[in-house]
J.: 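Pasting a structure below so you can have a look.
Throughout, a chain's letter reflects where its sequence line sits, starting with A, and its residues are numbered from 1. Fair warning: this is a prediction, and the values are worked out from it, not measured in the lab.
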Amino acid sequence: MSRAALLLCQVLVAVVVLALWQVFTTVPLFGRILLPPFFFSNPIDVFSQIINWFASGVIWKHLAITLWESILAFVIGSALGILVGFWFARQPRVAAVFDPYVKMTNALPRVVLAPIFALWFGLGIWSKVALGVTLVFFIVFFNVYQGVKEVSTTVLDNGRMLGMSERQLMRHVYWPSALSWMFSSLHTSVGFAVVGAVVGEYLGAAAGLGYLIQQAEGVFDVAGVFAGMFVLSAFVILIDMAVTVVERRLLVWRPAAAREA
Amino acid sequence: MSRAALLLCQVLVAVVVLALWQVFTTVPLFGRILLPPFFFSNPIDVFSQIINWFASGVIWKHLAITLWESILAFVIGSALGILVGFWFARQPRVAAVFDPYVKMTNALPRVVLAPIFALWFGLGIWSKVALGVTLVFFIVFFNVYQGVKEVSTTVLDNGRMLGMSERQLMRHVYWPSALSWMFSSLHTSVGFAVVGAVVGEYLGAAAGLGYLIQQAEGVFDVAGVFAGMFVLSAFVILIDMAVTVVERRLLVWRPAAAREA
Amino acid sequence: MNQAMDKAKPTAVALEDATVAFRLADARVYTAVERARLAVAHGEFVAIVGPTGCGKSTLLNVAAGLLKPAAGAVTIFDQPLAGLNRDAGYLFQADALFPWKTAIDNVAIGLEIKGTPRQKALEQAQAWLTSVGLGAFANRYPHMLSGGQRKRVGLAQVLIRDPKILLMDEPFGPLDAQTRQVMGNLLLELWTADRKAVLFVTHDLEEAIALADRVVIMSAGPSSRIIGDWRVELPRPRDIFEVRLDKQFHELHREIWGVLKEEVMKGYAQSTQAGGTN
Amino acid sequence: MNQAMDKAKPTAVALEDATVAFRLADARVYTAVERARLAVAHGEFVAIVGPTGCGKSTLLNVAAGLLKPAAGAVTIFDQPLAGLNRDAGYLFQADALFPWKTAIDNVAIGLEIKGTPRQKALEQAQAWLTSVGLGAFANRYPHMLSGGQRKRVGLAQVLIRDPKILLMDEPFGPLDAQTRQVMGNLLLELWTADRKAVLFVTHDLEEAIALADRVVIMSAGPSSRIIGDWRVELPRPRDIFEVRLDKQFHELHREIWGVLKEEVMKGYAQSTQAGGTN
Amino acid sequence: AAQSKVTIAVGGGACLCYLPTVLAKQLGEYEKAGLAVELVDLKGGSDALKAVLGGSADVVSGYFDHCVNLAAKRQELQAFVVYDRYPGLVLVVSPKHTGEINSIKDLAGKKVGVSAPGSSTDFFLKYLLKKNGLDPASAAVIGVGLGATSVAAMEQGQIDAAVMLDPSVTVLQGSHPDLKILSDTRTQHDTLAVFGGEYPGGALYSTAAWVKSHEKETQALTNAILATLAWIHTHSAEDIMAKMPEAMVGKNKELYLAALKNTIPMYSETGKMDPKGADAVLAVFSEGSPEVAKANIDVSKTYTNSFVEQAKKTTGTGSK
Ligand SMILES: Nc1ncnc2c1ncn2[C@@H]1O[C@H](COP(=O)(O)OP(=O)(O)OP(=O)(O)O)[C@@H](O)[C@H]1O
Ligand SMILES: Nc1ncnc2c1ncn2[C@@H]1O[C@H](COP(=O)(O)OP(=O)(O)OP(=O)(O)O)[C@@H](O)[C@H]1O
Ligand SMILES: [Mg+2]
Ligand SMILES: [Mg+2]
């Protein structure tokens with residue numbers, strides 16, 4: 001499929017979804033409206049809200065804050081996840097001892113922890129970053145941990161026989177080998193970083209898209225809520241593209257995708 | 001390290017953490033209490049609360065509901081993630097077209113969607129399950145998708161030359177090959193399933209641990225909040241153990257972990 | 001050098017001026033095989049010999065339908081090949097066993113795919129493992145087997161399916177000389193009983209002559225071509241070991257070896273030049 | 001059969017009654033090698049030959065320190081071996097290149113690890129690639145190379161480090177006869193210039209005799225033992241091809257072959273019995 | 001008799017302002033009235049309301065102001081029994097900033113916490129600012145939630161002041177006896193001063209359609225609440241606490257008791273809507289939301305006192 005055809009298909013999907021959304025929220029089918037507008041608004045209202053935001057410029061401040069929080073959460077969370085993942089994978093004893101605790105921590109509802117984050121990090125961006133980090137960290141951690149353990153034994157033995165120190169093994173064997181695991185987790189966690197930031201704002205903030213969404217929600221302005229989520233999602237795609245570019249660069253050595261049947 | 005030594009180390013870690021917690025919340029250090037008990041309670045109170053819950057038996061009902069929600073969310077979310085992951089990996093065109101939308105959806109803050117879940121699934125367990133599913137699904141999906149694409153080309157070609165149909169390739173090649181990817185994501189998502197259920201309850205419910213936690217929070221009973229989270233985490237370990245048992249069984253064919261240096 | 005093509009039997013595999021090119025990272029193109037012309041009749045045993053890296057595996061991949069030639073055509077039993085070659089069994093040069101299946105399951109899968117009941121497939125698989133000398137290793141996973149044992153499991157995996165066309169890429173490479181002969185005889189036996197078309201890549205010229213009806217020589221890469229095609233007129237049935245004592249065998253060996261040696265040295269010189277068709 | 005052990009030179013690798021056992025899935029134990037006794041003097045070239053699956057790779061793994069023997073001792077330069085054998089370079093039987101490095105980077109890494117500046121390491125790596133006939137393939141990733149080409153990159157990767165002990169597991173397996181000889185001569189040249197201890201696994205008895213000072217024969221598994229140890233008294237320096245014309249060569253070959261053939265047939269019969277030491 | 005099932009969505013069950021709904025269940029008043037009531041706790045009033053609009057619950061126990069707010073969205077909601085006569089919103093100054101802020105006028109340019117932007121607390125703040133001659137937008141509004149987060153923010157002085165509800169206010173008062181309060185609508189005095197009449201807080205309401213089609217249930221609910229209100233005003237705070245579920249009281253009984261004592265005067269004695277209060281609600285919201293201001297809302301449609309009056313006629317309860 002060419003790039004143009006692909007783009008066309010993608011746009012088509014969007015158009016169909018939006019059209020269905022518009023129809024289901026406005027035209028009664030079988031005597032009732034399938035998606036009550038009070039809960040779902042409708043695409044036209046949502047888009048006019050988005051345009052309104054951008055036209056008036058109010059959105060930029062909020063968007064900038066949320067993006068900044070997301071990026072920080074993403075970078076810090078992934079960095080920690082990668083570091084701890086490598087560390088655990090290379091120190092099986094440490095891993096064995098802490099394993100249950102890591103899993104327990106992963107199951108803590110972050111929303112409940114919000115007051116503690118607010119206490120420690122204040123009501124500014126850092127409490128939101130912290131929330132995002134707690135989501136991103138675990139996703140990346142588990143994958144990197146597994147990725148390092150999946151290194152081919154032969155290749156690893158070769159590295160060791162070539163005289164590599166633990167650090168050199170890291171750099172020349174474990175790291176490149178775990179990369180595809182890592183990137184898989186990064187694609188997942190981009191979304192979660194944003195979710196963390198927004199939920200954090202939602203629990204207490206002075207600005208940001210989460211704040212905007214909450215404000216809209218408070219006055220039952222569903223169009224505003226959806227508009228906020230849309231803007232958010234669009235920017236996630238941008239961050240994800242950046243991740244993909246890095247991924248492509250780092251994984252040039254792979255055989256091209258499996259040949260078509 | 002023997003099993004006994006390992007267990008000892010694990011208990012030691014717990015003891016140290018609990019001791020520090022107790023000290024920091026009760027004894028002033030450098031003129032101030034590091035962890036204000038108003039936000040952190042202290043281990044003794046938390047444990048007496050837990051014992052109280054179990055002694056009086058009130059916890060069972062809530063625990064049962066939350067566990068049931070978590071397990072449903074985990075099973076449904078993983079099943080969907082695996083199915084869609086496989087489907088996308090095998091249908092590169094479908095994947096290319098829907099890729100941005102999947103990523104956008106992953107970035108939607110679930111908390112904001114709670115009212116819609118309530119609308120569709122009612123206030124019973126299913127709206128919580130839905131919330132959990134939206135977390136679990138993406139984690140599993142991204143990993144399975146990547147896992148299927150990582151299948152060794154030679155082994156895949158061999159399967160194809162042996163005359164396997166697409167379904168047989170699935171069963172004999174893609175599935176076993178993607179298993180370790182899948183299990184890695186399952187370990188992550190066990191925690192997220194529970195988080196989803198609890199957050200769902202936290203946002204609106206008549207029972208469940210999230211409900212207990214919310215009530216405790218409402219009256220500033222931090223011990224209750226922590227107690228709830230503890231009970232939760234403990235049960236996550238149990239679910240995770242079940243996952244590990246299945247994993248061990250399905251992955252018997254792997255070479256034992258890399259030899260020690 | 002007698003360019004041979006048997007017109008009586010149907011052609012199982014025919015490459016017609018097949019050219020294979022690989023795209024390299026820097027957008028350059030490496031032509032591995034150029035205008036290869038090769039026809040294997042049904043029931044014919046063709047050995048391919050050539051210097052390392054000349055394109056033997058590439059040729060088999062083309063015949064298997066795993067690689068599409070950039071130019072030229074591939075026909076299988078006179079049908080143009082689209083997609084995979086469903087009539088062929090392929091023993092890969094690299095390790096291609098399913099690491100998650102035991103030896104016996106690896107072998108049995110070839111039958112199970114066709115719908116043979118599992119129990120029966122396992123019985124036959126056990127018989128096949130025994131023929132390749134691995135009867136006692138049925139329950140081992142591939143990583144618990146030695147290199148030569150893995151190769152033999154692979155051999156059994158391909159043979160159990162009884163394909164009409166056999167593509168074999170150095171099947172006896174990691175085996176000792178003695179086991180090689182046992183396996184060679186096994187292969188010949190099968191082939192004699194139920195004539196298949198065989199494309200057999202090997203580095204052992206003696207083996208090639210001992211086994212094959214025709215020996216095909218490829219030139220050194222890049223742009224490797226088929227530069228020789230000898231018919232081996234030794235009588236059948238042959239015993240691989242005894243056939244080596246035949247005088248005709250030695251003559252043929254000397255003749256082919258002369259061509260081959262020259263070719264290898266040329267290839268070595270070529271590929272050594274840094275900055276060549278990298 | 002002259003059991004040989006040169007007492008003058010220091011011993012580079014010594015296995016003393018090394019027994020290697022693998023735990024199988026069902027808690028049974030498979031004894032691959034039993035009480036192997038082998039001493040390789042510094043500067044000695046020892047070839048190991050044996051039926052497939054007898055335990056040759058296992059023996060090298062033990063000498064490399066990758067496998068701990070269940071019983072017996074391993075000493076390297078008269079020091080008991082704990083952990084990895086840091087003096088050894090190991091060319092693995094299986095493909096062990098780093099798939100994420102180009103051919104030249106794969107070779108250069110051996111030097112970079114020691115701290116050689118990258119530029120210098122690359123220059124030397126290019127020189128090594130050229131010696132193994134791959135000067136023009138420096139920028140290829142392993143998956144873009146043929147089986148024989150990958151093996152040669154691996155060879156260069158090991159040789160560039162100039163290790164005191166060389167462990168080589170079928171290094172020339174996937175090469176054609178001609179390239180094999182070129183590589184063999186290259187190896188001999190290096191070894192002559194700067195005598196190393198070499199442990200060389202091969203299935204080609206002629207190659208073993210042509211290259212080695214001693215040829216060691218292993219019995220068929222399970223519980224494989226070293227059953228023969230021949231000193232090759234052919235004069236040095238040797239040309240691999242010409243040495244085969246020597247009369248002594250043929251005598252030795254016949255002698256060893258006799259033992260080996262019997263052993264292989266025994267092994268084949270043993271391992272075929274289903275329900276054996278599975 | 002077969003009991004009818006009613007699901008009540010509570011907008012945050014822990015808030016003392018919703019106590020009568022829970023207490024009625026504890027006292028068994030619903031059963032006496034012939035209802036099987038399930039209480040479902042939601043995070044906030046607006047979530048409770050959405051649950052009702054979405055059909056997963058029947059009746060909201062939440063702040064009346066949502067009825068007015070939603071009238072602007074052409075959603076017809078109707079309150080039928082009001083159990084809080086004061087809203088219970090308290091404007092508190094952070095202990096760290098006591099010195100700087102002495103009156104509402106000092107809030108200009110400060111950071112003021114509300115439970116969430118767009119919530120009742122937010123509108124209350126804007127109304128107060130306006131009433132004191134300030135621009136409603138002159139204070140920076142920060143969402144801090146209702147619970148521990150808001151207490152933390154106040155304790156640490158991350159915000160200068162906040163609109164809070166009980167028990168948070170009592171918690172702060174406990175640790176800071178000199179806590180500065182700018183407006184305390186838990187009391188009759190401040191409520192009258194701010195709104196010029198009783199101001200409806202918590203109420204039971206549902207969609208007008210539901211009320212119309214479920215008169216029997218509505219009446220039963222009204223009766224139950226009225227009975228509970230009567231019970232509250234004839235018993236001590238300790239008695240009330242003893243009736244409440246343990247999980248809702250928590251371990252800190254003194255705190256709960258103190259908060260409860262602060263709150264008891266808030267509970268309505270009649271269950272009736274004061275029409276002036278309803279107008280005040282509209283005024284408050286018109287201040288903060290142009291949409292409400294423009295909507296031409298007929299407030300009288302958003303509540304009905306007929307069920308309370310009916311209850312009085314038949315049982316005589318609630319008329320103290
Ligand atoms: N994916 C690829 N990209 C680029 N070049 C390739 C690729 N695969 C193979 N080649 C090149 O094509 C040529 C032929 O490769 P092929 O594997 O067919 O050799 P071969 O004859 O099988 O060699 P050997 O005996 O060593 O296995 C080699 O020079 C190799 O480097
Ligand atoms: N991990 C393992 N678990 C169990 N058995 C093993 C394992 N590795 C090797 N073996 C067994 O040990 C024996 C020796 O294996 P090894 O790889 O040393 O053979 P080899 O002499 O190198 O054979 P080849 O020439 O085929 O490479 C074989 O029978 C093999 O099945
Ligand atoms: Mg090849
Ligand atoms: Mg071996």
J.: For B:Lys149, which atoms come within 4.5 Å of any heavy atom of chain A: side chain, backbone, both, or neither?
T.: neither
J.: Side-chain contact, heavy-atom cut-off 4.5 Å: B:Leu6 with A:Arg93?
T.: no
J.: Kindly indicate whether the side chain of B:Ser233, heavy atoms from C-beta on, has any atom under 4.5 Å from the side chain of A:Leu108.
T.: yes
J.: Filter on salt bridge (Lys or Arg N to Asp or Glu O under 4.0 Å), then keep only pairs touching residues 178-192 of chain B, sequence neighbours left out; what's left?
T.: none
J.: Identify the two heavy atoms, one from B:Lys103 and one from A:Val236, that lie closest to each other, and give their separation to 0.1 Å.
T.: O-CG1, 3.9 Å
J.: Let me know if B:Phe40 has heavy atoms under 4.5 Å from chain A in its side chain, its backbone, both or neither.
T.: side chain
J.: Between CE of B:Met182 and CD of A:Gln146, what distance do you get to the nearest 0.5 Å?
T.: 11.5 Å
J.: Between A:Val17, A:Thr188, A:Val151, which has the largest tally of heavy atom pairs under 4.5 Å with chain B?
T.: A:Thr188
J.: Between B:Gly210, B:Ser185, B:Ser184, B:Gly196, which shows the greatest number of heavy-atom pairs under 4.5 Å with chain A?
T.: B:Ser184
J.: Within this structure, what is the CE-OG1 distance for the pair B:Met229 and A:Thr105, rounded to the nearest 0.5 Å?
T.: 10.5 Å
J.: Tell me, for B:Leu135 versus chain A, whether the close heavy atoms (under 4.5 Å) come from the side chain, the backbone, both or neither.
T.: both
J.: Using non-hydrogen atoms only, which part of B:Asn143 is less than 4.5 Å away from chain A: side chain, backbone, both, or neither?
T.: both
J.: Centroid separation under 6.0 Å, is that true for the rings of B:Phe142 and A:Phe183?
T.: no
J.: Under a 4.5 Å heavy-atom cutoff, which of A:Ala197, A:Pro109, A:Ser189, A:Gly228 has the most pairs with chain B?
T.: A:Pro109
J.: Before you tell me yes or no, could you show the steps for B:Glu150 and A:Glu150 under side-chain contact (heavy atoms from CB on, under 4.5 Å), namely the whole-Å CA-CA distance, both residues' side-chain angles and the distance that decides it to 0.1 Å?
T.: CA-CA 12 Å; B:Glu150 292 282 317; A:Glu150 292 281 316; over 6 Å; no
J.: Relative to chain A, which segment of B:Phe98 carries a heavy atom at a distance below 4.5 Å: side chain, backbone, both, or neither?
T.: side chain
J.: Heavy-atom pairs under 4.5 Å with chain A are the metric here; pick the option from B:Leu8, B:Ile139, B:Leu7, B:Val194 that has the most.
T.: B:Ile139
J.: With a 4.5 Å cut-off on heavy-atom pairs, point out which of B:Phe192, B:Phe138, B:Phe230, B:Trp181 contacts chain A the most.
T.: B:Trp181
J.: Top residue by heavy-atom pair count (under 4.5 Å) with chain A, among B:Asn106, B:Val199, B:Val195?
T.: B:Asn106
J.: Using a 4.5 Å cut-off on heavy atoms from C-beta on, say whether the side chain of B:Asp99 contacts that of A:Gln10.
T.: no
J.: Work out which heavy atom in B:Met104 is nearest to a heavy atom in A:Ala234; give both atom names and the distance.
T.: CE-N, 4.3 Å
J.: Given heavy-atom pairs under 4.5 angstrom as the criterion, report whether the side chain, backbone, both or neither of B:Ile237 touches chain A.
T.: side chain
J.: What part of B:Ala14 gets within 4.5 angstrom of chain A, counting heavy atoms only: side chain, backbone, both, or neither?
T.: both
J.: Is it the side chain or the backbone of A:Gln214 that comes within 4.5 Å of chain B heavy atoms, both, or neither?
T.: neither
J.: What residue, out of B:Ile116, B:Val198, B:Val190, has the most heavy-atom pairs lying under 4.5 Å from chain A?
T.: B:Ile116
J.: What part of B:Val222 lies closer than 4.5 angstrom to a heavy atom of chain A: side chain, backbone, both or neither?
T.: neither
J.: Can you tell which part of B:Leu232 gets under 4.5 Å to a heavy atom of chain A, answering side chain, backbone, both or neither?
T.: side chain
